[in-house]
Amino acid sequence: MPEGHTIHRLAADHRDRFQGRKTTASSPQGKFSDSAALVTGRPLDTAEAHGKHLFLGFQDTGWIHIHLGLFGKVTLGGAPAPPPTDTVRLRLTNDTAYMDLRGPTTCALITDEGKQAIHARLGPDPLRPRGEGNDPETAWRRISRSRTTIAALLLDQKVVAGVGNVYRAEVLFRHGIDPYTPGKDLTYAQWTAIWADLVDLMREGVRHNRIDTVRPEHTPEAMGRPPRVDDHGGEVYVYRRARQACHICGGEIRTADLAARNLFWCPTCQPRGNRP
DNA sequence: GTAGGATGCTAAC
DNA sequence: TTAGCCTCCTACG
């Protein structure tokens, strides 16, 4: 399931399996058939991610722009590909590999200009190379003059690209910051620490293809507690742990609706007073 | 078998 | 602020 780390991992996986090789594209489900026909027979030049957007570049054809949304899923495997099911929006194959895309919000063939327009409306991405505006200062310019809560700002892709509901909850917990703190009340030091942490956490997420945020000293083993299993694959402090005990203080994790998303936090470890 | 959610986002009110 | 989109999985009868 897709936050930025998933998409950057997919870009790398596509480069490994498809780059420089003739690709066959099809749309068993039908909605991408015309564009698939244009791509078929072309080699993949490159694959790139910005936030939660994936771009697959095909020689002389353009870019397949993919956004997984909440449900979208990519399956990668070796040849021969199994018979596609009727929900497969896009299938890519070559001699040795296949990719199936299901349920995306977006799967469209776009031009260089179209791609530029998407980059232009996205904020800096902790997983992209630093420089040319892709840095914490660019985000800070918006955050530091916003009355919106830091929890909402972190999910705003124009402010930071790639952070989703899990990283939002976890990074705020790791820095002891009340999610309802207005952006303008955050200190620059707090923000640069959050950014640096996102860089580390999300790189780790790309490497392991899952979200782990619990520091070594807080693992169940280190705390002398029984092992735990979070049902979304990674080890986390607060995400989807409403009404359970905080791993650090033992208090109850809280949840609330914030801008139509589920927010999780520990009111003890992220106190309201913990503001400048 | 079916309802309801889920790591997302946008257009329209 | 809400409805709508897209799919899969779990919990509950």
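Rounded to an integer number of Å, the gap from A:Leu258 CG to C:dT2 P is 14 Å. Rounded to whole Å, atom P of B:dC9 lies 12 Å from atom NE2 of A:His50. Summarising the geometry, the separation between NZ on A:Lys73 and C1' on C:dC8 is reported as 6 Å, rounded to the nearest angstrom. Spacing between atom CZ of A:Arg89 and atom C1' of C:dC8 amounts to 15 Å, rounded to whole angstrom units. Rounded to an integer number of Å, the gap from CG of A:Asp100 to P of C:dT7 is 13 Å. Distance NE2 (A:His67) to P (C:dT7): 16 Å, rounded to an integer number of Å. Nucleotide B:dA6 holds its P atom 15 Å from the NZ atom of A:Lys52, rounded to whole Å. One can place CG of A:Leu10 at 14 Å from C1' of B:dT7, the figure rounded to the nearest angstrom.
When the nucleotides B:dA6, C:dT7, B:dC9 are ranked by their closest atom to the side chain of A:Leu70, B:dA6 comes out on top. In this structure, of C:dC8, B:dC9, B:dT7, it is C:dC8 that holds the atom nearest to the side chain of A:Arg102.
The stretch residues 197-207 of chain A has no heavy atom under 4.0 angstrom from DNA chain C at all.
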Give me the distances for all protein-to-nucleotides 3-5 of chain C N/O pairs that come in under 3.5 Å?
none

For nucleotides 10-13 of chain B, give me every protein contact, N/O to N/O, under 3.5 Å, one pair per line with atom names.
unit_1 : atom_1 : unit_2   : atom_2 : d
B:dT10 : OP1    : A:Arg121 : NH1    : 3.4

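For B:dT7, the OP1/OP2 oxygens have a side-chain nitrogen or oxygen of A:Tyr239 closer than 4.0 Å. Close to B:dT7, at under 4.0 Å from its OP1 or OP2, lies a side-chain N or O of A:Asn262. Taking 4.0 angstrom as the limit, A:Thr106 places none of its side-chain polar atoms (N or O) nearer than this to OP1 or OP2 of B:dC9. Between A:Arg240 and B:dA6 there is no side-chain polar atom (N or O) within less than 4.0 angstrom of OP1 or OP2.
For A:Arg89, there are no salt bridge (charged side-chain N to carboxylate O under 4.0 Å, His left out) partners at least two apart in sequence or on another chain. In terms of the salt bridge (charged side-chain N to carboxylate O under 4.0 Å, His left out) criterion, residue partners of A:Glu204 (sequence neighbours excluded) are, by chain and number, A:Arg207. Residues forming a side-chain contact (heavy atoms from CB on, under 4.5 Å) with A:Ala259 (at least two apart in sequence, or on another chain): none. Residues passing the side-chain contact (heavy atoms from CB on, under 4.5 Å) test with A:Gln59, sequence neighbours excluded: A:Pro43, A:Asp45. Applying the ring-ring contact (aromatic ring centres under 6.0 Å, His included) rule to A:Phe58 yields no partners; only residues at least two apart in sequence or on another chain are considered. Contacts of A:His65 classified as ring-ring contact (aromatic ring centres under 6.0 Å, His included), with partners at least two apart in sequence or in another chain: A:His53, A:Phe55. Listed by chain and residue number, A:Ser27 satisfy the side-chain contact (heavy atoms from CB on, under 4.5 Å) test with A:Ser33 (two or more places apart in sequence, or in another chain). When the salt bridge (charged side-chain N to carboxylate O under 4.0 Å, His left out) test is applied to A:Arg174, the partners found at least two apart in sequence or on another chain are A:Asp197.
The separation of B:dT10 from C:dC8, taken at their C1' atoms, amounts to 22 Å, rounded to a whole angstrom. C:dT1 sits 23 Å from B:dT7 when the C1' atoms are compared, rounded to a whole Å.
Geometric assessment of A:Arg91 against the ring of A:Tyr98 yields a positive cation-pi assignment under the 6.0 Å and 45° thresholds.
Judged as a ring pair (Phe, Tyr, Trp, His ring centres under 6.0 Å), the pairs with a partner in residues 16-45 of chain A (not counting sequence neighbours) are, in order, A:His14-A:Phe18.
Among the heavy atoms of the strands lying under 4.0 Å from A:Gln29 are primed sugar atoms or P, OP1, OP2 only; no base atom is included.
The CZ atom of A:Arg168 sits 5.5 Å away from the CG atom of A:Leu258 when rounded to the nearest 0.5 Å.
Using modelled atom types, one finds no donor on one side chain facing an acceptor on the other under 3.5 Å when comparing A:Tyr180 with A:Gln270.
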